[in-house]
Amino acid sequence: MRNAVMELSSLPGYAQTVERFYDSTLKSTSFQGGVYGIPEQANFMMVFARTDILDKLGLKIPQAWTEFLEMLPVLQKNNYNAYIPNVQQNAGYINLFLSMVFQNGGDAYGGEGTDYGIVSALESDEAMEAFKSFTDFYTGYGMEVQVDFTNRFRTGEVPVGVITYNTFNQLEIFAPEIKGRWTFAPMIGVEKEDGTIDHSFVVDTVSTVIMAQSKKRDAAWEFVRWWTGTEAQLSFANSLEALMGTAARYSAADPEVLRQLPWSNAELSALLDQFEATVGIEAVPGNYMTTRMVQYAFNDVVAKNANPRETLYLNIKSINEELTRKRQELHLSCYQE
């Protein structure tokens with residue numbers, strides 16, 4: 001936004017460099033039609049489940065939110081519960097909420113092309129419905145706001161939870177006694193009219209950039225192409241795991257690297273299914289205000305029993321004011337009511 005890093009899509013060989021990546025990982029490093037980073041790592045949430053406990057209760061891993069809500073009373077009746085990340089303990093909650101917006105057919109921001117992000121899109125019916133569903137987990141279905149997921153998953157108190165898939169690394173080392181008793185599956189989604197389930201999830205990426213003031217642009221680009229290539233990334237991933245074990249399993253952005261890491265066939269299938277369903281959100285000046293105001297709205301609804309739709313709507317004004325302020329600062333077009 002401030003011309004600090006180089007736009008990469010105009011460089012020679014760009015198309016060949018990025019053809020192996022999913023569009024979502026490239027979109028998350030895009031701004032106004034340009035691409036400013038080549039992805040190294042990508043992370044997203046999936047459903048972790050203690051299959052031994054679910055089998056005992058006659059339950060299946062939920063694929064749709066309706067199935068998840070039907071499962072909750074059965075879990076709670078048997079002194080179990082489920083886990084959904086929220087603003088009190090997991091910074092990734094905003095990606096979960098926005099993913100629910102996308103699953104409902106909405107978007108985080110309004111505008112297209114160079115105007116994407118000119119205004120918040122959270123006042124749409126799709127976003128309002130997603131926010132109500134998100135807060136209902138705690139106000140209507142008895143889910144706990146504060147949960148140490150890995151510990152309670154280990155003990156079995158919380159046999160189902162939504163969390164980033166690299167939690168696998170921790171559980172493999174932290175909880176060897178439950179090995180073979182748990183698995184992960186694609187993100188819970190919204191069932192569409194045709195019976196399909198939208199598993200969309202907003203991806204998080206770590207990317208390599210080139211500084212705009214670099215005097216060695218060609219050499220830097222050659223390095224980036226090599227470093228983000230399948231061979232170099234796979235070698236790096238294997239070296240990490242050989243040195244530190246499963247705890248260092250690499251969250252590669254290149255699907256081909258994932259395919260060659262030591263995942264089981266079932267794990268790899270679930271990972272790639274969810275990875276393919278990820279979505280990316282372009283860079284938006286002032287986007288931090290979305291996270292902040294959704295957090296305030298969540299706290300008011302869960303702690304003070306405020307009305308979800310009204311509370312979110314009132315906080316959107318602050319989001320739009322900050323989006324406009326940042327766009328003015330950067331000399332971009334602004335929203336006109």
Side-chain angles (χ1 to χ4, degrees), residues 1-44 91-92 94-95 97-99 101-102 106-122 124 127 200-218 220-221 223-225 227-228 251 253-254 275 277-294 316 318-336:
M1 297 172 189
R2 301 184 185 279
N3 302 312
V5 293
M6 189 177 296
E7 201 285 313
L8 304 178
S9 65
S10 58
L11 297 180
Y14 169 81
Q16 292 80 9
T17 301
V18 301
E19 61 184 0
R20 62 186 174 275
F21 297 111
Y22 288 118
D23 289 342
S24 59
T25 57
L26 297 171
K27 193 171 183 180
S28 65
T29 60
S30 299
F31 177 62
Q32 297 209 330
V35 178
Y36 293 85
I38 305 299
E40 295 178 28
Q41 300 177 56
N43 208 352
F44 42 86
I94 189 65
N95 280 6
F97 165 61
L98 294 179
S99 299
V101 174
F102 279 98
D107 202 326
Y109 300 98
E112 297 180 356
T114 57
D115 279 343
Y116 182 75
I118 197 170
V119 67
S120 175
L122 297 185
S124 67
S200 296
F201 194 86
V202 177
V203 68
D204 264 330
T205 58
V206 175
S207 300
T208 302
V209 302
I210 300 175
M211 303 310 295
Q213 297 301 316
S214 172
K215 297 179 180 178
K216 299 182 178 181
R217 187 189 74 169
D218 293 342
W221 178 232
F223 172 82
V224 169
R225 295 185 66 188
W227 168 241
T228 59
S251 303
D254 183 344
F275 202 172
T278 55
V279 295
I281 299 178
E282 297 176 29
V284 170
N287 66 338
Y288 49 81
M289 190 58 76
T290 297
T291 303
R292 187 178 306 168
M293 301 317 293
V294 170
I316 290 171
S318 296
I319 298 174
N320 286 335
E321 287 175 349
E322 186 65 9
L323 295 180
T324 298
R325 189 183 74 81
K326 293 301 293 185
R327 291 182 73 88
Q328 287 173 341
E329 179 184 324
L330 297 168
H331 306 292
L332 304 173
S333 60
C334 297
Y335 180 67
Q336 301 293 328

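Values below: all heavy atoms of this structure, side chains included; hydrogens, waters and symmetry mates excluded.
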Q) Distance from N3 atom CG to Q213 atom CD, nearest 0.5 Å? A) 9.0 Å
Q: Would you check, one step at a time, whether the test side-chain contact (heavy atoms from CB on, under 4.5 Å) holds for F21 with D254?
A: CA-CA 6 Å; F21 297 111; D254 183 344; 4.0 Å; yes
Q. If we ignore angles and hydrogens, is there a donor and acceptor under 3.5 Å between the side chains of S207 and Y36?
A. no
Q | Approximate separation, where rounding is to 0.5 Å, of T17 OG1 and L11 CG | A | 9.0 Å
Q. For A283 and F31, which heavy atoms make the closest approach, and how far apart are they?
A. O-CD1, 3.4 Å
Q) So do Q32 and L332 actually touch side chain to side chain, heavy atoms under 4.5 Å? A) yes
(Q) Quick check for you: to the nearest 0.5 Å, what is the distance between I38 atom CD1 and Y14 atom OH? (A) 5.5 Å
**Q.** Closest heavy-atom pair and its distance - P39, L26
**A.** CD-CD2, 3.7 Å
Q. Just by distance, do the side chain of E7 and the backbone of S9 share a donor-acceptor pair under 3.5 Å?
A. yes
Q. Would you say the side chain of F44 lies within less than 4.5 Å of the side chain of D204, judging by non-hydrogen atoms?
A. no
Q: Nearest 0.5 Å please: distance from the OG1 atom of T291 over to the CD1 atom of I94.
A: 4.5 Å
(Q) Under the criterion side-chain hydrogen bond (donor to acceptor under 3.5 Å, both in side chains), I'd like the reasoning laid out for S28 against T205: C-alpha separation, chi angles, the key distance, then a yes or no. (A) CA-CA 7 Å; S28 65; T205 58; 3.0 Å; yes
Q | Atom of V209, atom of G37 and distance for their closest heavy-atom approach | A | CG1-CA, 4.2 Å
Q: Kindly determine whether L323 and I118 satisfy side-chain contact (heavy atoms from CB on, under 4.5 Å), including the steps that lead there.
A: CA-CA 7 Å; L323 295 180; I118 197 170; over 6 Å; no
Q. In Å and rounded to the nearest 0.5 Å, what is the CZ to OH distance from R327 to Y335?
A. 12.5 Å
(Q) Strictly distance-based, threshold 3.5 Å: is any side-chain N or O of W221 a donor or acceptor partner for the main-chain N or O of I210? (A) no
**Q.** Heavy-atom check, side chain of S333 versus side chain of D115, under 4.5 Å
**A.** yes
Q | Any side-chain heavy-atom pair of V224 and W227 under 4.5 Å | A | no
Q.
Within this structure, what is the SG-CD distance for the pair C334 and Q328, rounded to the nearest 0.5 Å?
A. 4.5 Å
**Q.** Residue pair Q16 / E19: nearest heavy atoms and the distance that separates them
**A.** O-CG, 3.3 Å
Q) Where is the tightest heavy-atom contact between A121 and S124, given as atom of each residue plus distance? A) O-OG, 3.1 Å
Q: Start with the C-alpha distance between Y22 and V203, add both sets of side-chain angles, then the distance that settles side-chain contact (heavy atoms from CB on, under 4.5 Å), and finish with yes or no.
A: CA-CA 10 Å; Y22 288 118; V203 68; over 6 Å; no
Q: Check the pair E322 / Y288 against side-chain hydrogen bond (donor to acceptor under 3.5 Å, both in side chains), numbers first and verdict last.
A: CA-CA 9 Å; E322 186 65 9; Y288 49 81; 2.3 Å; yes
Q: With side-chain contact (heavy atoms from CB on, under 4.5 Å) as the test, would you mind laying out the steps for Y116 and I281 before giving the verdict?
A: CA-CA 10 Å; Y116 182 75; I281 299 178; 3.9 Å; yes
Q | Over all atoms of both residues, closest heavy-atom pair of A127 and F97 | A | O-CE1, 4.1 Å
Q.
I'd like to know if the side chain of N320 reaches the main chain of S120, judged simply by a donor and an acceptor atom lying under 3.5 Å from each other, with no hydrogens or angles considered.
A. yes
